[in-house]
Amino acid sequence: MALVPVADALERLLDDAMPLAGESVPLNEAIDRVLAAPVMALRTQPPFNASAMDGYAVRAADVASVPSKLSVVGMAPAGRGFDGAVGQAQAVRIFTGAPLPDGADTIVIQENVRDLGGGNIEVIEPTATWRNIRRVGLDFSKGDVLLEKGRVLDPAALSLTASANHPRVSVVKRPLVAIIATGDELLPPGSELGPDQIISSNSYGVAAAAQSVGACALDLGIAADRKDDIAGLVRKAVAAGADVIVTLGGASVGDHDLIHDVLTGEGMTLGFWKIAMRPGKPLMFGRLGAIRCIGLPGNPVASLVCSQLFLKPLLARLGGRDHRQDIRPARLGAALAANDLRQDYVRAVVREDDGELVATPFGIQDSSMLRMLADANGLVVRAPFAPASAAGDACRVLMLR
């Protein structure tokens, strides 16, 4: 099977991927969720002409010239308006948020008033009509579209939704990713290792990548290198309602690389297998009914690079999010040899120097070296058959953080 170019693989993986169905959730569970439908205002805000300041509700004509003596005929605290009306030379003590009494058309702030005692005040600064008043519908009116479908609910959007009188909101279902690690040599962190065993680390990084674009991760543990063991976990993923199944390791062509046989035996239709990239060549993709299956390489760096390039864009699209790779122009901080037929993703430290980015690749690029990936903040992207490059040559960098 010929190696699939990276761009072609991503296009095929994302083909017909659409946002999942909507679900209704309480507002206190909706932070960072994606709207599945527009948010309409169920009320007008403010629903009445409201005082924007503490002071006195008066007629503007009575305070056009100062000093002006007025009689205080009542009080209007927030949540309880004044029942009467403001007449000539009268005032109502009012507080922020309270409804403007009938007859009044302006608010004199309390700093511009002297208390004369006996229920009388003196206004010492003139105040024009409608000053210090929030007019009815200033923020929005009933029926307005406040937030469009696809908006990510940040704190301001959540507060707006609540103020429009929505206790719940319709959001795109979060994609569920079932993660299956494979290998007799793997044990979970904290285990006592035998002489031929290693720690299973990939599932944690892949789960974090999924969660970073709003997906839910279901870690189904480690399957032994036996078809029945792997198949059992695949069936658990299906039963859990996974939208995506990610397997780690076992997608190459060795005697113990069983993922392809197991998944096709469970009904998967293979989409592609083996990508023209480094690291990550053994990546596999297929469809098990409506479930998308991604077989990631077992090497830790390869699995995380493939998660960045393929898994995150897929999950973002299923979750209704806009996800684009952050690729920027830069200059090399060290020379690189000529490339072969595979697109190369070279771990590098990227820094800004005199207004431009400089990407310095690490000297060793072994796909088992996680520490180097953790230290890198970018990947130099090298096209197939790229010629040797010297320090200072132009390059492209996929930013990781």
Side-chain angles (χ1 to χ4, degrees), residues 13-26 29-34 36 170-184 186-189 200-251 257-271 283-298 303-304 306-307 310-321 323:
L13 183 140
L14 295 179
D15 182 45
D16 80 0
M18 298 293 291
L20 300 174
E23 60 180 355
S24 176
V25 301
E29 297 177 10
I31 185 65
D32 201 38
R33 300 295 296 271
V34 178
S170 178
V171 294
V172 178
K173 177 180 174 287
R174 296 176 65 187
L176 177 61
V177 184
I179 301 171
I180 302 170
T182 65
D184 290 337
L186 299 179
L187 287 176
S200 176
S201 60
N202 294 6
S203 56
Y204 296 93
V206 172
Q211 291 163 346
S212 73
V213 289
C216 298
L218 173 63
D219 189 344
L220 292 177
I222 302 167
D225 284 324
R226 298 196 314 271
K227 288 185 178 181
D228 61 336
D229 206 24
I230 298 169
L233 292 187
V234 170
R235 290 167 192 161
K236 281 188 177 180
V238 173
D243 301 293
V244 179
I245 296 175
V246 173
T247 59
L248 304 172
D257 295 330
L258 308 172
I259 294 298
H260 172 265
D261 290 348
V262 170
L263 287 173
T264 54
E266 293 296 311
M268 182 190 78
T269 301
L270 182 65
L283 185 138
M284 179 177 64
F285 172 70
R287 299 285 291 269
L288 180 58
I291 302 173
R292 291 165 169 82
C293 302
I294 300 179
L296 294 178
S303 78
L304 291 178
C306 288
S307 293
F310 298 103
L311 180 62
K312 288 173 67 174
L314 172 63
L315 295 176
R317 183 167 293 188
L318 293 176
R321 297 174 186 270
H323 178 77

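Every heavy atom of this structure was used, including side-chain atoms; hydrogens, water molecules and symmetry mates were not. Computed from a predicted structure; not experimentally measured.
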Next on the checklist: Using the side chain to side chain donor-acceptor pair (under 3.5 Å) criterion, which residues pair with Glu23? Sequence neighbours excluded.
Outcome noted: Arg33
Item to check | Residues forming a side chain to side chain donor-acceptor pair (under 3.5 Å) with Ser24, sequence neighbours excluded | outcome: Arg168
Hey, could you give me the [atom1]/[atom2] distance between [X] and [Y], rounded to the nearest 0.5 Å?
X      : Y      : atom1 : atom2 : result
Ser200 : Ile179 : OG    : CD1   : 10.0 Å
Ser307 : Leu315 : OG    : CG    : 9.0 Å
Ile222 : Leu187 : CD1   : CG    : 6.0 Å
Ile245 : Arg235 : CD1   : CZ    : 11.5 Å

Next on the checklist: According to side chain to side chain donor-acceptor pair (under 3.5 Å), does anything in residues 236-245 pair up with another residue at least two apart or in another chain? List the pairs.
Outcome noted: Lys173-Asp243
Checklist entry - Under the 3.5 angstrom rule, does the side chain of Asp229 hit a backbone N or O of Ala224 as a donor-acceptor pair? => result yes
Non-neighbouring partners of [X] that pass side chain to side chain contact (heavy atoms under 4.5 Å, CB included), sequence neighbours left out:
X      : result
Thr269 : none
Leu218 : Leu176, Leu220, Ala240
Asp32  : Val152, Arg321

Item to check | From CA spacing to verdict: side-chain contact (heavy atoms from CB on, under 4.5 Å), Thr182, Leu258 | outcome: CA-CA 9 Å; Thr182 65; Leu258 308 172; over 6 Å; no
Can you give the donor-acceptor pairs under 3.5 Å from side chains of residues 283-298 to other protein atoms, not counting sequence neighbours?
unit_1: Arg287; atom_1: NH1; unit_2: Asp16; atom_2: OD1; d: 3.3
unit_1: Arg292; atom_1: NH2; unit_2: Asp16; atom_2: OD1; d: 2.8

Per-pair distances, 0.1 Å, donor-acceptor, side chain in residues 208-216, under 3.5 Å, sequence neighbours excluded:
unit_1: Ser212; atom_1: OG; unit_2: Ala209; atom_2: O; d: 2.7

Checklist entry - So which pairs with a foot in residues 207-222 pass salt bridge (Lys or Arg N to Asp or Glu O under 4.0 Å), sequence neighbours left out? => result none
